[in-house]
There are 2 protein chains.
Amino acid sequence: MNVAFLLSQLGVHAAAQFAERIAELDLTPPQTGLIRLVASEPGLSQQAVAARLGMPASRLVALVDGLDERGVVERRRNPQDRRLHALHLTKAGEELLGRIAVVGRAHEQALTEGLDAADHATLQRLLTVLAEKQGLTPGVHPGYRRI
Amino acid sequence: MNVAFLLSQLGVHAAAQFAERIAELDLTPPQTGLIRLVASEPGLSQQAVAARLGMPASRLVALVDGLDERGVVERRRNPQDRRLHALHLTKAGEELLGRIAVVGRAHEQALTEGLDAADHATLQRLLTVLAEKQGLTPGVHPGYRRI
DNA sequence: TATTGTTATACTCTATAACTATA
DNA sequence: TATAGTTATAGAGTATAACAATA
């Protein structure tokens with residue numbers, strides 16, 4: 001089979017497996033992407049977050065609502081411009097992020113268990129080259145656009 | 001970035017790019033999967049095809065309807081058991097399959113253009129190992145289940 | 001009664017666009 | 001008037017389950 005099909009097959013499989021794993025934390029992949037983004041760049045407006053995740057702002061609202069009600073994320077109004085809602089993780093959000101990382105490591109391990117260390121490193125290098133060539137933004141999953 | 005995330009990112013990207021390309025043939029990825037399967041194993045019943053593609057038979061009906069109306073696929077009733085509809089490609093279907101192959105080669109080329117021949121071969125080998133370990137069926141895309 | 005294919009229904013998810021509040 | 005966030009609406013796509021034909 002060619003590389004393109006293998007990549008697509010494995011990638012969609014990996015995404016589905018990850019979705020199953022984080023479902024145990026009661027999270028969906030877009031929610032996880034939001035949490036990770038807010039963790040790495042706290043204080044972004046909802047418009048900015050929506051743009052980075054590649055989704056309409058209207059869709060982000062429901063995403064933030066759910067995590068806000070669960071006490072994972074919070075909206076902080078900007079006093080200088082009260083239209084803006086800066087997004088931040090709460091303490092519980094930081095803790096959840098830690099659990100997401102644990103799940104992520106287990107996922108990585110399960111997916112690559114057939115490879116020795118050298119092959120693992122080679123694969124990582126080659127995939128990184130492809131991702132750069134394809135113009136993919138590190139850490140931003142194209143599937144957040146529609147899942 | 002870890003291998004799992006890179007794979008997922010690249011895989012979903014590759015699937016989206018492929019979907020765009022075959023849209024020029026007025027096809028969706030599930031339709032393409034159906035055409036390929038019928039080409040490689042002509043005469044399967046709709047139930048058998050649905051099982052292999054991992055979708056409910058009720059969903060396959062609409063898929064076959066569309067390709068049937070376009071003269072790409074045809075249902076042949078089995079005289080021994082008139083409940084069964086064996087699926088076959090028409091002449092036009094064979095021709096379309098050829099155009100799909102052309103698109104597939106262009107897609108492969110565009111996706112791997114950053115790699116030299118040795119790296120390309122290495123990547124193909126490593127991905128094949130992973131796909132086998134993960135129990136993925138050659139030629140069957142897990143995304144056909146829901147796109 | 002069981003199985004194949006089909007149709008109907010009800011549900012989920014989403015983007016678009018209207019709306020509000022602030023500037 | 002323009003922008004951030006929100007809500008409403010309408011559409012696409014789907015699985016589930018009921019149904020008809022055949023065994």
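Just so it is clear, the model here is predicted, and its values are computed rather than measured. Below, chains carry the letters A, B, ... as their sequence lines are ordered, and counting in each starts from 1.
- The phosphate of D:dT22 has neither OP1 nor OP2 within less than 4.0 Å of any side-chain N or O from B:Gln80.
- In this structure, CG of A:Asp68 is placed 13 Å from P of D:dG5, rounded to the nearest angstrom.
- With C:dT22, D:dT7, C:dA2 as the choices, the nucleotide that has an atom nearest any side-chain atom of A:Asp65 turns out to be D:dT7.
- Counting heavy-atom neighbours within 6.0 Å of B:Glu94 CD, excluding the residue itself, gives a total above 12.
- For the pair A:Leu87 CG and D:dA4 P, the interatomic distance rounds to 14 Å; values are reported in whole Å.
- With respect to the salt-bridge test (charged N to carboxylate O, under 4.0 angstrom), the residues A:Asp65 and A:Arg75 qualify.
- Here B:Arg59 reaches the OP1 or OP2 of D:dT14: one of its side-chain N or O atoms lies under 4.0 Å away.
- With the nearest nucleotide of DNA chain D identified for both A:Leu44 and B:Pro79, A:Leu44 has the one nearer the 5' end.
- With distances taken from any side-chain atom of A:Val61 to the nucleotides D:dT6, C:dT7, C:dT22, the minimum falls on D:dT6.
- Using a 4.0 Å cut-off, some side-chain N or O of A:Arg75 falls inside it from OP1 or OP2 of D:dT6.
- Protein atom CG of A:Leu84 is 9 Å distant from nucleotide atom C1' of D:dT3, rounded to whole Å.
- If you check the side chains of A:Ser8 and B:His141, you find a donor sitting under 3.5 Å from an acceptor.
- Put simply, CZ on A:Arg82 is 6 Å from P on C:dT22, counting in whole angstrom units.
- For A:Gln46, the listed nucleotide lying nearest its side chain is D:dG5; candidates were D:dT22, D:dT7, D:dG5.
- Atoms CG (A:Asp81) and P (D:dA2) sit 17 Å apart, rounded to a whole Å.
- Aromatic ring orientation, A:His107 versus A:Phe18: tilted (interplanar angle from 30° to 60°).
- Side-chain atoms of B:Thr137 do not come within 3.5 Å of backbone N or O of B:Val140 as any donor-acceptor pair.
- Rounded to an integer number of Å, the gap from B:Met55 CE to C:dG5 C1' is 15 Å.
- Separating the CG atom of B:Asn78 from the C1' atom of D:dA21 is a distance of 15 Å, rounded to the nearest angstrom.
- Rounding to whole angstrom units, OH of residue A:Tyr144 and P of C:dA15 are separated by 15 Å.
- Phosphate proximity of C:dG5 to B:Arg83: absent, as no side-chain N or O sits under 4.0 Å from OP1 or OP2.
- Taking the side chain of A:His85 as heavy atoms from C-beta on, and the options D:dT22, C:dG5, D:dG5, the nearest nucleotide is D:dG5.
- At a threshold of 4.0 angstrom between heavy atoms, the contacts of A:Ser58 include nucleobase atoms, whether or not backbone atoms are also involved.
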